[in-house]
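Residues take their numbers from the sequence shown, with the count starting at 1. Below, all heavy atoms of this structure are taken into account, side chains as well, without hydrogens, waters or symmetry copies. From a predicted model like this one, the values you see are computed outputs, not experimental measurements.
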Amino acid sequence: MDRDFDVIIAGGGLNGPALALALAQGGLRVLVVDARPASARASVGFDGRAYALALASQRLLSALGVWPAVAARAQPILGIRTSDGVPPEGAAPFLLGFDHGELDEGAMGFMVEDRHLYAAFLATLEAAPGVTLRSGASVTGQAVDGALVAVTLDTGEVLRAALLVGCDGRASGVAQRAGIRRTGWGYGQTALVGAIRPERPHQGLAHQVFLPEGPLAILPLRDGLASIVWSETEANARTISALPDEDYCALLEARIGHLTGRVELAGPRFSYPLNLTLAEHYVAPRVALVGDAAHGVHPIAGQGLNLGLRDVAALAEVLAEARARGEDIGALDVLERYQRWRRFDSTVLALGMDAVNRLFSNTNPLLRAARGLGMRAVGALAGPRRSFIREAAGLSGDLPRLLTGQRL
């Protein structure tokens with residue numbers, strides 16, 4: 001039976017379009033099925049939602065042809081500062097700090113607003129040969145049919161491909177229909193997200209303040225703005241979310257203290273519950289999972305999208321090489337190469353972030369003293385310090401070609 005596409009991707013957030021562009025470079029015909037209307041999402045005004053792109057992720061976007069469309073709107077991350085804090089005293093002096101001058105490659109990463117990044121992907125997708133975007137549709141069924149997978153859309157249309165990739169988030173329908181189970185737990189925390197205008201210039205610095213209720217990140221944006229990802233207990237978050245803007249800002253100032261001076265909101269406020277969810281397998285017959293569909297992690301280090309883009313680069317390289325050798329790209333032995341490449345690395349990082357959140361989200365004075373000593377030791381030792389910087393920039397480990405800026 002003939003296939004309609006080589007690969008069908010369920011989910012058009014950011015990982016889905018990135019994978020489609022990467023696979024098209026490898027000579028594959030790809031369909032992206034996105035439940036949201038592209039025009040509606042691309043026309044969203046400023047809302048403060050943004051991503052911290054590691055340097056390796058920026059290189060992937062360059063290799064895919066996306067970066068030129070967003071570079072002028074990206075804010076370089078020139079340094080990282082971490083500190084402990086206890087309200088109402090705010091953040092303590094820095095326990096650990098890194099600067100871009102310690103990295104030969106330049107900026108440690110870039111902050112890019114969601115609206116700009118999606119618009120850049122959309123424009124690149126529309127011009128890419130071999131890629132079809134179906135907006136306002138969703139995948140509702142899938143069934144392995146010999147050497148193909150039959151994918152049913154909510155329109156009733158059935159399309160066939162060699163492979164279905166789930167880029168459809170933590171509650172992945174693709175994973176569920178493939179019988180892939182998940183493990184994980186909630187953190188009892190909620191992330192409060194938005195944009196602020198700080199009184200003091202951010203100077204391109206990203207701050208991570210570890211508070212007893214959860215970590216708080218202050219991330220630099222263009223035009224003197226900053227994005228916040230503020231983790232609180234669920235009860236606290238409900239109370240804070242109900243406050244008027246002025247009281248919300250007052251509580252935020254009490255937590256970040258001297259880092260920003262006075263703050264005012266520069267966009268709407270959002271919140272979402274925090275949990276860890278890991279797929280027990282990243283592949284099944286004719287199915288692969290990418291991004292949050294494979295691993296939903298705590299936002300403590302802003303690594304969610306970066307982890308997904310590492311999946312994208314690895315899967316695209318595996319499939320492109322398999323196609324070049326004349327192999328069946330949807331065969332399980334081919335897909336298991338991708339799983340071996342990514343599952344251990346992403347699981348270790350996810351559990352590492354989980355451990356850091358648990359270590360810092362408490363008021364135990366002994367733990368606070370121990371973590372302070374540990375962070376100061378990392379800052380004082382050249383080897384661990386350089387390893388941390390390169391890890392934060394996404395430059396460590398076995399990197400696929402796209403993460404080094406090379407096209408497939």
Side-chain angles (χ1 to χ4, degrees), residues 1-13 15-35 64 125 128-135 137-168 172-180 279 281-291 293-294 308-343 400-402 407-408:
M1 191 177 298
D2 291 338
R3 65 179 70 165
D4 299 289
F5 299 92
D6 296 312
V7 179
I8 296 175
I9 298 171
N15 290 315
L19 180 61
L21 292 170
L23 294 175
Q25 278 190 9
L28 298 168
R29 295 177 301 119
V30 187
L31 171 68
V32 180
V33 181
D34 186 2
L64 296 181
L125 279 177
V131 177
T132 301
L133 174 62
R134 186 76 64 86
S135 295
S138 58
V139 174
T140 58
Q142 67 203 56
V144 175
D145 185 7
L148 298 175
V149 56
V151 178
T152 304
L153 305 187
D154 57 357
T155 59
E157 187 177 6
V158 178
L159 301 169
R160 289 172 173 80
L163 176 65
L164 172 64
V165 181
C167 294
D168 50 347
S172 171
V174 171
Q176 292 173 22
R177 289 187 293 270
I180 297 175
H281 302 281
Y282 288 7
V283 301
R286 303 281 159 198
V287 166
L289 304 179
V290 162
L309 293 178
R310 289 174 85 96
D311 295 344
V312 164
L315 180 58
E317 188 164 318
V318 166
L319 297 184
E321 290 180 349
R323 177 184 180 274
R325 287 193 290 263
E327 295 178 282
D328 176 358
I329 62 169
L332 195 55
D333 63 326
V334 171
L335 299 179
E336 284 174 345
R337 298 171 200 161
Y338 159 67
Q339 178 167 264
R340 286 194 297 270
W341 199 346
R342 290 298 304 135
R343 187 165 179 263
R401 291 199 301 273
L402 285 169
R407 291 173 58 87
L408 287 181

Ala284 to Ile180 - nearest heavy-atom pair and separation: CB-CD1, 4.1 Å

Any side-chain heavy-atom pair of Leu31 and Asp4 under 4.5 Å: no

Euclidean distance, Arg134 CZ relative to Glu157 CD, rounded to 0.5 Å: 4.5 Å

Exercise: identify the closest heavy-atom pair between Leu402 and Ala22: CD1-CB, 3.7 Å

Residue pair Val30, Asp6: steps toward the side-chain contact (heavy atoms from CB on, under 4.5 Å) verdict: CA-CA 6 Å; Val30 187; Asp6 296 312; 5.9 Å; no

Reported CZ-to-CG distance for the pair Arg343 and Asp311, which is rounded to 0.5 angstrom: 12.5 Å

Spacing of Glu317 atom CD and Glu321 atom CD [to the nearest 0.5 Å]: 5.0 Å

CG-CZ distance between Leu23 and Arg29, expressed to the nearest 0.5 angstrom: 12.5 Å

Val7 vs Ile329 side-chain heavy atoms within contact, under 4.5 Å: yes

Value rounded to 0.5 Å, distance of CG in Leu148 from CG in Leu159: 11.5 Å

Distance-minimising heavy-atom pair for Ala24 and Val131: CB-CG2, 3.6 Å

Considering all heavy atoms, the nearest Leu408-Ala320 contact: CD1-CB, 4.3 Å

Heavy-atom closest contact (Val32 atom, Ala20 atom, distance): CG2-CB, 3.4 Å

Euclidean distance, Asn15 CG relative to Leu289 CG, rounded to 0.5 Å: 12.0 Å

Minimum side-chain heavy-atom gap Leu319-Leu335 below 4.5 Å: yes

Nearest heavy atoms of Pro17 and Leu125, plus distance in Å: CB-CD1, 3.6 Å

Whether Gln142 side chain and Val149 backbone form a donor-acceptor pair below 3.5 Å: no

Side-chain heavy-atom pair Val139, Asp168 within 4.5 angstrom cut-off: no

Gln339 (side chain) donor-acceptor with His281 (main chain) under 3.5 angstrom: no

Heavy-atom side-chain proximity of Ile8 to Leu163 below 4.5 angstrom: no

Asp328 and Arg286 ion-paired at < 4.0 Å: yes

